[in-house]
Amino acid sequence: MPIEADPEVCVGSGMCALTAPGLFDQSQDDGTVVVLRPVPADPELDDVRDAVRRCPSGALKLTD
Amino acid sequence: MNDMVCPITNGLPKVRERPLDPPAIFGQLRDEQPIAPMTFPDGARGWVITGFAHARAILSDSRFSSQGSLKHLAFASELATGLDIEKDLPPGQFEHMDPPEHTRFRKLLTGEFTLRRMKAMVPQIERIAAERVAAMRAKGRPADLVRDFSVPMSAQVICELLGVPADARGRFEELSFRALSLDMKAEESKAVLDAIVNLLVEVAMGKVAEPGDDLLTGLVTGGQLEPAELIGVTLLLLVAGHETSANMLSLGTYALLREPEQLAKLRADESLIDNAVEELLRYLTIVHIGVQRTPTEDVEIDGVTLRAGETALIHLPSVNRDPERFPDPDRLDITRGAIGHLTFSHGIHQCLGQQLARQELKVGFSTLLREFPDLRLAVDPDTIPMRDNMTIYGVHELPVAW
Ligand code: HEM
Ligand code: SF4
């Protein structure tokens with residue numbers, strides 16, 4: 001289940017990086033989301049779902 | 001439902017039965033009508049939102065506008081600052097804009113507010129907090145936590161972020177203290193605002209001559225903003241970031257001192273600090289006038305039709321007490337995972353400074369608890385004057401001893 005992130009939609013809130021720091025970071029230039037590892041391990045899925053839910057802009061998706 | 005009598009007329013009720021809980025009427029409203037009609041003090045008809053899910057739905061819906069000209073005063077009060085976003089403030093107040101204008105401003109700044117950068121500021125924030133503690137000790141007991149700790153700490157952190165040079169910080173601190181101290185008449189707040197704008201212009205000019213590695217230099221040398229916009233954006237950062245953090249530091253300390261059991265838990269286990277900060281943010285929801293969004297077309301939410309132009313006031317304090325989202329919501333519980341609260345709003349305007357606020361609160365509370373193992377209120381907790389008339393909730397003063 002890969003993570004999809006749309007930096008165009010992202011508003012740089014940092015919620016994803018705060019929620020799942022191993023999987024998300026933010027660009028040094030404009031603060032938009034950087035996916036560090038697009039395919040999370042099973043035990044990380046709960047954190048990813050939390051990050052998707054908390055993302056204020058709807059920039060994140062966990063696809064099947 | 002549109003035809004029901006407005007339970008809330010002439011703006012938001014202000015009287016709180018208990019200082020740290022929103023007025024009880026909002027809880028009753030949520031049970032019956034999480035989207036309820038209300039009338040603003042200017043007579044406009046709109047809606048008050050008290051349900052968590054409803055609030056999230058509206059805040060992430062692009063059919064709702066944040067335009068300043070569509071917003072209304074929330075409280076009936078002659079004490080409102082009387083400042084008009086459009087007329088009295090310099091351009092660049094993107095909190096009150098929609099895309100694409102909002103996007104243009106926000107994208108210029110998001111790189112400066114990343115979680116990583118804000119974490120990198122922790123050593124400076126710790127130094128600032130330590131200076132405040134030293135000053136409190138030098139002055140002796142009791143201290144007013146508002147004036148002696150929270151307000152100067154928050155002002156210094158903003159100075160650090162913007163890159164305000166040391167020689168201007170004293171003036172900056174004083175002006176910002178005046179700006180948020182007491183209820184002011186319109187002329188007085190206009191005079192303070194003008195003085196702040198002049199100081200910002202002076203500091204920004206200084207960056208042209210002597211660039212540094214800071215946010216203001218980035219904006220000045222970036223060439224993306226008109227000079228007036230640059231001042232406007234800087235002012236927004238100051239206004240949005242100073243009063244909020246300062247009040248959160250004082251009110252959060254007050255809440256902990258009122259709940260000895262929670263305080264003892266935090267003292268016993270420092271690793272609870274992140275959770276404690278989130279829970280205090282949720283429980284206290286200092287933006288107690290909420291945020292406003294106006295539908296640009298008729299929108300139906302949970303069976304209620306919000307007509308174009310009828311502003312929805314999302315009452316953040318009661319949204320954060322929705323039992324569907326937070327079990328036993330009126331209890332302060334620093335061990336609950338409160339993250340996901342709407343204290344910083346939601347959608348594209350979600351607080352730009354939230355990661356800075358988190359670091360600042362974490363350092364602020366930890367420093368106070370560590371340095372003052374016997375921190376206590378110096379007066380009866382029920383005599384503390386609360387800021388119920390102000391845009392940002394908090395305490396006017398907080399006498400403490402140690
Ligand atoms: C506890 C502290 C804080 C609280 C509770 C808070 C709360 C909020 C809320 C509720 C909004 C959203 C308004 C809306 O949806 O219409 C907001 C926006 C904003 N905040 Fe904060 N804030 C805090 C600290 C800060 C700090 C420290 C800064 C900067 C130094 C800051 C800068 C901003 C800016 C620039 C916006 C506008 C964002 C936009 O419209 O895109 N805030 N804040
Ligand atoms: S949570 Fe969403 S808006 Fe915030 S940085 Fe991550 S992707 Fe961007």
Side-chain angles (χ1 to χ4, degrees), chain A, chain B residues 52-53 55-62 66 94-95 98-100 102-120 215 218 222 224 274-275 277-278 281 291 325 337-359 362:
Chain A
M1 290 217 284
I3 303 169
E4 270 177 35
D6 186 344
E8 286 295 312
V9 173
C10 169
V11 295
S13 71
M15 285 311 288
C16 51
L18 186 70
T19 305
L23 295 164
F24 300 98
D25 199 348
Q26 293 171 271
S27 133
Q28 299 266 34
D29 299 330
D30 65 0
T32 53
V33 56
V34 175
V35 179
L36 298 173
R37 246 183 320 116
V39 185
D42 277 351
E44 294 170 320
L45 280 176
D46 280 348
D47 282 351
V48 177
R49 287 196 191 96
D50 280 342
V52 171
R53 203 173 323 120
R54 285 175 203 160
C55 170
S57 66
L60 300 179
K61 244 192 278 175
L62 190 60
T63 53
D64 310 296
Chain B
F52 185 90
R56 261 186 66 113
I58 291 175
L59 289 167
S60 50
D61 188 327
S62 61
S66 276
F94 59 91
E95 187 177 353
D98 294 326
H102 169 262
T103 323
R104 176 180 152 237
F105 287 101
R106 179 144 180 151
K107 281 262 152 101
L108 272 184
L109 291 165
T110 38
E112 304 283 345
F113 285 91
T114 60
L115 178 61
R116 189 184 282 277
R117 279 204 184 216
M118 299 301 102
K119 284 197 166 160
L215 198 154
Q224 311 257 32
D274 287 325
N275 259 326
V277 166
E278 293 305 326
L281 284 165
V291 295
R325 177 61 181 78
I339 193 164
H341 56 71
L342 296 183
T343 300
F344 293 120
S345 189
H346 192 67
I348 61 170
H349 291 276
Q350 192 183 62
C351 183
L352 178 67
Q354 59 179 299
Q355 306 307 350
L356 176 59
R358 286 190 168 95
Q359 306 308 323
K362 199 167 145 174

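This is a predicted model, so every value here is computed, not measured. Each chain gets a letter, A, B and so on, in the order its sequence line appears, and its residues count up from 1.
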Please check this pair: side chain of [X] against backbone of [Y], looking for a donor-acceptor N/O pair closer than 3.5 Å.
| X | Y | answer |
| --- | --- | --- |
| Gln28(A) | Gly111(B) | no |
| Ser57(A) | Ile348(B) | no |
| Gln26(A) | Leu115(B) | yes |

Discussion item. More than 12 heavy atoms of other residues, nucleotides or ligands under 6.0 Å from NZ of Lys119(B): yes or no?
Written reply: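 No.
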Worksheet item: Should we count CZ of Arg37(A) as having more than 12 external heavy atoms under 6.0 Å?
Response: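 Atom CZ in Arg37(A) is crowded, with more than 12 foreign heavy atoms closer than 6.0 Å.
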Discussion item. Minimum heavy-atom separation for His346(B) and Arg54(A), please, with both atom names.
Written reply: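 Looks like CE1-O, 4.0 Å.
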In the structure I gave you, are the side-chain heavy atoms of [X] and [Y] within less than 4.5 Å of one another anywhere?
| X | Y | result |
| --- | --- | --- |
| Asp50(A) | Ile339(B) | no |
| Gln350(B) | Val11(A) | no |
| Met15(A) | Gln354(B) | yes |

[atom1]-[atom2] distance between [X] and [Y], expressed to the nearest 0.5 angstrom:
| X | Y | atom1 | atom2 | result |
| --- | --- | --- | --- | --- |
| Thr114(B) | Leu18(A) | OG1 | CG | 12.0 Å |
| Leu109(B) | Asp30(A) | CG | CG | 11.5 Å |
| Arg106(B) | Ser13(A) | CZ | OG | 7.0 Å |

Worksheet item: Side chain, backbone, both or neither: which part of Leu352(B) has a non-hydrogen atom closer than 4.5 Å to chain A?
Response: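 Nothing of Leu352(B), per the 4.5 Å heavy-atom cut-off to chain A.
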Item to complete: Side chain from CB out, backbone as N, CA, C, O: work out which of these in Ser27(A) comes under 4.5 Å of a heavy atom of chain B, or both, or neither.
Response: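 Backbone of Ser27(A) only, per the 4.5 Å heavy-atom cut-off to chain B.
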Fill in: Interface moiety of Asp25(A) toward chain B, non-hydrogen atoms closer than 4.5 Å
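Just the side chain, heavy atoms under 4.5 Å.
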Worksheet entry | Which of Glu112(B), His102(B), Arg358(B) touches chain A most, by non-hydrogen pairs under 4.5 Å |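 Looking at each option in turn, the highest pair count goes to Arg358(B).
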